Amino acid sequence: MIHITLYIMEKELGFDVCKRCGIKSMAARMLNDNELEQLSDSCAEVDFKKGDIIIKQGALSSNVIYVKTGLVKFHLNGPIKEQIIRIDRAPVFIGLPMTFNDKINYYSATAIEPTRVCFIDINIFKRFVLQNGDFAFQIIVDLCKNEYSSMNKCVNRTQKNINGRIADALLHFNDIYDKKEFVLPLSRQELGNYTDTSRENVSRILTELHHDQIIKVSNKRIKILNEEMLILIGKNG
DNA sequence: GCATTAACCACAG
DNA sequence: CTGTGGTTAATGC
């Protein structure tokens, strides 16, 4: 709250907010002072609470969104039910693949922890891509990473068994928090829909891992006791 | 056949 | 929303 007030004050006083931003994206680091000034004039910073929808599938979008801090889930309404595609921690862009060719969001993004983002006007963003090759290159790097991880997720989802998928998910959270012990930001239902299985299976496998002393589970608090084993399960199921 | 896996259903906290 | 148990369908040995 204080941050936002400060931010607005700075903006009204004409301070160069983006230039002084400490969590610039790799792409934004390629912008010169003049471009950063333009960016400051065309972006807005917003805080989201856990559970707040940042963008909604189907809605019109005229922004690229840069997540500065927090955790975001990307989800899509499938033919039968909604599916969680990815869970990413900041820093990450939302909306890159769609804003370039389409005006409509083809997925939703929701904050699953307190999250701070910048909305960036799509026109200025496009102008940077056309003007500044280094900027464009960094955006492409980002898109490539995303594509690769999507492909990877796709084969893992199809070929690994449930144990492996859930082990991988736990390792992913281990990665996100960079801690052996963390609080799951998802319900069992959501974790199931992230790992392509039912909430029942998630429950069962978590207690199984608990009994095997590989993790410690108490409600949403998870502690990884045997990471090697978890990696092994992730690999072999 | 028999065992394993995972989905589905139901019911209790 | 969770945890658990029972049932069932599919698949592999």
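Note that the structure is a prediction, hence the values are computed from the model and not measured. Residue numbers begin at 1 in each chain, while the letters A, B, ... track the order of the sequences.
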Residue-phosphate contact under 4.0 Å: A:R188 side-chain N/O, C:dG3 OP1/OP2: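 Indeed, a polar side-chain atom of A:R188 lies that close.
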Distance below 4.0 Å between A:K220 side-chain N/O and C:dC1 OP1 or OP2: no
Side-chain donor/acceptor of A:Y177 to backbone N/O of A:H172, under 3.5 Å: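 Judged by distance alone, no pair lies under 3.5 Å.
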Side chain A:R188, main chain A:N201, donor-acceptor under 3.5 Å: no
Sugar-phosphate only, base, or nothing, as touched by A:Q189 at under 4.0 Å among non-hydrogen atoms: sugar-phosphate
Sugar-phosphate, base or nothing in reach of A:N161, heavy atoms under 4.0 Å: sugar-phosphate
Starting at [atom1] of [X] and ending at [atom2] of [N], how long is that distance when rounded to a whole Å?
{"X": "A:L206", "N": "B:dA6", "atom1": "CG", "atom2": "P", "result": "14 Å"}
{"X": "A:E208", "N": "C:dT2", "atom1": "CD", "atom2": "P", "result": "19 Å"}
{"X": "A:I222", "N": "C:dT2", "atom1": "CD1", "atom2": "C1'", "result": "13 Å"}
{"X": "A:E200", "N": "B:dC9", "atom1": "CD", "atom2": "P", "result": "9 Å"}
{"X": "A:R199", "N": "B:dG13", "atom1": "CZ", "atom2": "P", "result": "16 Å"}
{"X": "A:K81", "N": "B:dC8", "atom1": "NZ", "atom2": "P", "result": "9 Å"}
{"X": "A:L184", "N": "C:dG3", "atom1": "CG", "atom2": "C1'", "result": "15 Å"}
{"X": "A:L191", "N": "C:dT2", "atom1": "CG", "atom2": "P", "result": "10 Å"}

Centroid-centroid distance, A:F74 to A:Y194, less than 6.0 Å: no
Ring geometry between A:F173 and A:F182 (parallel below 30°, tilted from 30 to 60°, perpendicular above 60°):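 The rings of A:F182 and A:F173 sit tilted, inter-plane angle from 30° to 60°.
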A:T197, nearest nucleotide to its side chain (from B:dA7, B:dA6, B:dA10):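 Between B:dA7, B:dA6, B:dA10, the one nearest the side chain of A:T197 would be B:dA7.
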Nucleotide nearest A:N201 when distance is taken to its side chain, options C:dG3, C:dG5, B:dA6: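 It is B:dA6.
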Neighbour count above 12 (heavy atom, 6.0 Å) for A:K24 NZ: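 Check passes, neighbour count above 12.
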